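Report on the structure given below.
Side chains are part of it too, since the values below use all heavy atoms of this structure and drop only hydrogens, waters and symmetry mates. Count residues from 1 along the sequence. This structure is a prediction, so every number in the text was calculated from the model and none was measured.
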Amino acid sequence: MDRVTISGIGLVSPLGADVAVTWEKIKAGERASVSLLTSPLADHDFPCLTVPRDAARDYERHPRLRRSSEISHFAAIAGMNALRDAGIEPGQEGIGIVFGVSSGGVRYTTRFYSDVVTSGAATASPLLFPETVYNAPASHLAALLGLDGISYTLVGDSVVGLSALAMAVDLVATGELEHCVVVACEESEWILCEAFRRSRFFVRSDVTRPFGGPGNRGTIFSEGAAAVVVSRTGSIEIEAVHRGLPFFKNREAGTALQTVLHDLGTPPEMVFTGANGTAFDDAELAALDSVWPQAERSNIKAALGESVGASTLQQTVLATHLLRSGSQQRAGISAIGYNAMVSGAILRRSA
C-alpha cells in the first residue's frame with residue numbers, strides 16, 4: 001500500500017471532547033458517569049454513558065445545526081477538531097468525507113414515527129424527517145466544511161469505522177482526494193437498548209463491576225463520535241487496515257478474527273481491543289492469544305462504553321494519540337461486530 005497517514009484526529013466521548021484529556025482519564029482508570037434511560041415498554045431502566053451536554057454547546061447554536069439531533073453535533077465536533085488538528089482550513093479543495101454509522105439518528109426517528117403512530121400521517125413533521133436519514137450528519141459536516149464533492153455514508157455494525165477508514169485509504173492512495181475526513185458517530189436512546197436486549201445482545205443492568213467475568217456479561221451503551229483525517233503527509237502511517245470479514249455463526253467469530261489478524265501482518269506492540277462485556281470477548285481474547293500474544297492490550301470500552309458505530313474509530317483515534325506520544329512504535333485495533341463482521345488495523349509511527 002502507498003504511504004497513507006492519519007494527519008488529524010478528533011473525539012467526542014462520555015469523558016469529553018479532548019483526545020489527550022480523555023486518554024489520561026482512561027489511563028487513570030476513570031469511567032464516565034452513568035445515566036439511566038427508561039423504557040416505556042417494560043419496567044426497567046438501561047444504564048447508558050452520555051456525552052456531557054456542554055461538549056456540544058457551541059454547535060447547538062450554529063444556524064445549520066440548531067434543529068439537528070445530537071448525532072450531527074457529535075459528527076461536527078469530531079470532524080472539525082480533526083481538521084483543525086491536521087492544520088487544514090474548511091473549504092480547502094481536495095477534501096472528501098466518508099461517514100460510518102450503525103443506528104443513525106434514532107432520537108429524531110423515534111419522535112418522527114411516534115407522531116405518525118399516535119396522531120396520524122398528517123402530523124409527520126418535515127423538520128424532523130431530514131434528521132432520520134443515515135447520511136444527515138455527513139450532510140451537515142459537508143456543509144460546515146463547504147464541500148460539494150465526494151461524500152459517502154457506510155452503514156454497518158461496530159466495525160463500520162474501520163470499513164470507512166479503508167475506503168478513505170483507497171480514495172487518498174489512488175489520488176481521488178488530497179485529504180479524507182473519516183467520521184463515525186452514534187447517539188443513545190432507550191429504544192436501542194430495548195431492541196438490542198430483545199435481540200439477545202447482552203445489555204447490562206449492573207454497572208458496578210468491570211467488563212467480563214462469570215455472571216457479569218453485558219455491555220453498557222454509550223454515545224459519541226470519532227474522526228480522523230487521512231492524508232499522504234503525517235507522522236502516523238496506516239500500515240494495514242482490513243475491510244472486514246464476515247462470519248456466519250457466533251462460534252466462528254474467533255476464527256474469522258484470527259484470519260484478519262494474520263492478514264494484517266507483524267503483531268503490534270499494543271492492541272486496542274473491542275471487548276465490551278459480551279460473549280464475543282472470549283472469541284477476541286482467543287484470537288489475540290493465538291496471533292498477537294505478546295501485544296499489550298487496552299480496553300477503552302471499560303471507560304467509554306459501547307458506542308457501536310463509533311467504537312472502532314474511537315479506538316483508532318486513541319491509538320493514534322498513543323503513537324504520537326512516542327511511547328509505542330506500532331499499535332493495532334481489533335474488533336468483532338454484533339452483526340457478524342470482524343476487522344482490524346495496524347498503525348505505526350514514522351521513523
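Side chain to side chain, His179 and Ser231 meet the donor-acceptor criterion of an N or O pair below 3.5 Å. Between the side chains of Thr5 and Glu237, no donor-acceptor pair of N or O atoms lies under 3.5 Å.
Taking the charged nitrogens against the carboxylate oxygens, Glu24 and Lys27 do have a contact shorter than 4.0 Å, which makes a salt bridge. Ion pair Arg330/Glu269 not flagged as a salt bridge, since none of the NZ, NE, NH1 or NH2 atoms sits closer than 4.0 Å to an Asp/Glu carboxylate oxygen. With salt bridges taken as basic N to acidic carboxylate O contacts below 4.0 Å, none links Arg251 and Asp282. Ion pair Asp289/Arg297 flagged as a salt bridge, since at least one NZ, NE, NH1 or NH2 atom sits closer than 4.0 Å to an Asp/Glu carboxylate oxygen.
Under the rule for a side chain to side chain contact (heavy atoms under 4.5 Å, CB included), the partners of Asp85 that lie at least two apart in sequence or sit in another chain are Ile9, Arg324.
In terms of heavy atoms, Ala310 sits closest to Cys185 at CB-CA, 3.8 Å. Shortest non-hydrogen contact noted between Gln314 and Ala226 is N-CB, 3.5 Å. Residues Val342 and Leu257 share a closest heavy-atom pair of CG2-N, 3.9 Å.
Between Phe272 and Trp23, the ring-plane angle classifies as tilted under the 30° and 60° cut-offs.
Under the 4.5 Å side-chain heavy-atom criterion for Ile, Leu, Val, Met, Phe, Trp and Tyr, Val160 and Tyr152 are members of the same hydrophobic cluster.
Remark: Gln328 CD is packed, more than 12 non-hydrogen atoms of other residues, nucleotides or ligands lying under 6.0 Å away.
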